[in-house]
Amino acid sequence: MEVINLNNVSYYYKAYNDDGTVGSAIGVEGVTLSVNEGAFVALVGHNGCGKSTLAKLLNGLLIPKGGTVTVFGLDTAKKENIFEIRKNVGMVFQNPDNQMVASIVEEDVAFGPENLGVPQKEIVERVNEALEQVGMTEFAKRSPHRLSGGQKQRIAIAGALAIRPKILVLDESTAMLDPQGRKEVLEVAHRLNAQGMTVLLITHFMEEVLDCDQVVVMNNGHVVKIGTPTEIFQDKRLLEDAGLRAPRTAELARALAEAGFDVSVRETDALKLGGDVCRNLQK
Amino acid sequence: MSKSAKVTAPAVEVPQNAAIFAQNLNFTYNAKSAFAKRALDNINLTVCNGEFVAIVGHTGSGKTTFVQHLNALIRVQDGYLNVLGHDLSAKKPDLKALRQQVGMVFQYPEYQLFADTVLADVCFGLKNFGVESDKREQMARDALELVGLDFDKVKDKSPFDLSGGEKRRVALAGVLAMKPQILVMDEPTAGLDPRGKLEVLSLVRQLNQRDGVTVLMVSHDMNEVYENADRVLVFREGTLAYDLPPRELFRKEEEIRAMNLEVPAMAAFCNELEKNGFVVPENCRTVEDVCAAVVALKEARNA
């Protein structure tokens, strides 16, 4: 079932020209995209390519200037739909420190359902459940400010989960984390996906898209390619144009295949690739 | 402890050509209180002029505490530290001179941009160091061009109208304008997209190789450490756990993983080849170099 549909969507920002007149800058232009229920989709591209604009169009934080965005069949441009859409699309942003609103973890997680007017008893249930889903139950009574970056992002995800969304959008939520924190957040995202959550992961770390069902590559506000991770990794030209870089192992596999080695260009595990090359050399 | 160390400090012999020399360096936060936390535990190391050294370690391992010693943001509590001939264990080192020679780039330096224009922002440090106003613009121009920005195009822009990668380069220019001999950077590529990362890293390499600037780079990205550094310092719980060239360090796969660090992809690949008895040249660490080495191995077998 299709849960997100973008049909020829454009969004422009107001921008000032050098002479002081008001012009416009492309956020996204002519984007058509469909996401199915339960999918794990990665959205990649360099800084300023329109990834975050696209994310903000998904829950009505931005309303398209052209085309339509529908979430569960609801048009984001219609005011009466916004509430329902936002209940279904949870968003987590880049900087963990900007997303903490309370001084106690469980109060922070409760912020969303409180605003929805959920009864007190159910809020407690939702908060406990959300904290469990991200593996942060033991931190419920702590202050968020003393947590690591990865832990803070998991709290932010719990905050989104407490509104019980069906879609989770992670807008560069791993960009400011150390490798450990990134791993924690990705594990949570994949676990939620395995339980049926539709996940849209926005990132420029290509190592993170390895396990995604589908990768959407953006450049200058346009979607330039949609494919599986290995399809995308092999397209050197596309990646260069989009300011991206395949994981090093994928790059090496492609270069060795071009040099006549019998290795899979799909190999992304350095150890396995090493083993394959040894067999080639021992022949 | 610190008191007696200062009084009885032995004459220390600083190795020739050392840009940074630390001996028995210790540091404790909130010393003599219930919250005392040992952050540096007997650090001994030498960094030579012109080296490119990476500093890695888990969050809380003491990396930042150590680099903050280098331009005396943290004063030496116990032990000996010499940076470019300045004895930082002394009571009153010449901090102004030191800070001109040691450029410090913090995490997300673009968050520290504040002025109305790019030019004013880059000139701020120069002004504080007492550079005369007629010289400042030329020095700012040199620094902005060094980081690959078109001076005439950006000088009157607000730094906040630039892209993330450009902002970071403006922030770097503010530090480079003083022409430091040592550049200390805390995760200079964090948060940048792959193209931005490559730009910043190639700039740093250029400063190191062409201009002879000594570079200390804190990084969590083991691939980038592996490809760029001459030497890697690994901090663990306040101690210097390893001080090795990258190839040698990342042969210790199990020890690296035990510290929750990643093994770089090219290191894992070459280690696997070595385990199978193939010899891979010590200095090939990038994808291109590794590929060329493997092709050479094949040709040698065919010959």
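We name chains A, B, ... by the order of the sequence lines, and we start the count at 1 in each one. Please read all numbers here as calculations on a predicted model, not as lab measurements.
- Annotation: maximal heavy-atom pairing with chain A below 4.5 Å, among B:Leu192, B:Asn260, B:Asn271, B:Asp161, occurs at B:Leu192.
- To the nearest 0.5 Å, atoms CD (A:Glu267) and CZ (B:Phe269) are separated by 10.5 Å.
- Counting non-hydrogen atoms of neighbouring residues, nucleotides and ligands closer than 6.0 angstrom, the NZ atom of A:Lys272 reaches no more than 12 such neighbours.
- Put simply, of A:Gly181, A:Ala175, A:Ala255, A:Pro179, the one with the most heavy-atom pairs under 4.5 Å next to chain B is A:Pro179.
- In this structure, CD on B:Glu262 lies 8.0 Å from CD on A:Glu207, to the nearest 0.5 angstrom.
- Taken from NE2 in B:His220 to CZ in A:Arg182, the straight-line distance is 10.5 Å, to the nearest 0.5 Å.
- Annotation for B:Phe35: atom CZ does not count as buried by contact number, only 12 or fewer foreign heavy atoms lying within 6.0 Å.
- Using modelled atom types, one side-chain atom of B:Arg301 and one backbone atom of A:Leu281 make a donor-acceptor pair closer than 3.5 Å.
- Smallest separation of non-hydrogen atoms from B:Lys298 and A:Gly260: NZ-O, 3.5 Å.
- Contact annotation for B:Glu299: neither backbone nor side-chain heavy atoms come within less than 4.5 Å of a heavy atom of chain A.
- With rounding to the nearest 0.5 angstrom, the CZ atom of A:Arg245 is 10.5 Å from the NZ atom of B:Lys197.
- Applying side-chain contact (heavy atoms from CB on, under 4.5 Å) to A:Leu252 and the options B:Val294, B:Val290, B:Thr286 leaves one that passes, B:Val290.
- More than 12 heavy atoms of other residues, nucleotides or ligands shown are found within 6.0 angstrom of CD on B:Gln107.
- If you measure heavy-atom distances from A:Asp276 to chain B, you find no contacts under 4.5 Å at all.
- Environment of NZ in B:Lys153: sparse, with no more than 12 heavy atoms of neighbouring residues, nucleotides or ligands closer than 6.0 Å.
- Of the inter-residue distances, the one linking B:Arg195 atom CZ with A:Leu244 atom CG reads 8.0 Å to the nearest 0.5 angstrom.
- Rounded to the nearest 0.5 angstrom, B:Glu272 CD and A:Leu273 CG are separated by 10.0 Å.
- The number of heavy-atom neighbours closer than 6.0 Å to NZ of A:Lys225, taken from other residues, nucleotides and ligands shown, is above 12.
- Counting all heavy atoms, side chain and backbone alike, A:Arg248 lies closest to B:Met266 at O-CE, 3.7 Å.
- In this structure, chain B has no heavy atom under 4.5 Å from any part of A:Ala15.
- Taking chain B as the reference chain and counting heavy-atom pairs below 4.5 Å, the highest number among A:Glu251, A:Met176, A:His46, A:Gln94 is found for A:Met176.
- Here the side chain of B:Asp193 pairs a donor or acceptor atom with the backbone of A:Asn47 at under 3.5 angstrom.
- The number of heavy atoms from other shown groups lying within 6.0 Å of CD (A:Gln282) is above 12.
- For A:Glu240, the part sitting under 4.5 Å from any heavy atom of chain B is the backbone (N, CA, C, O) and nothing else.
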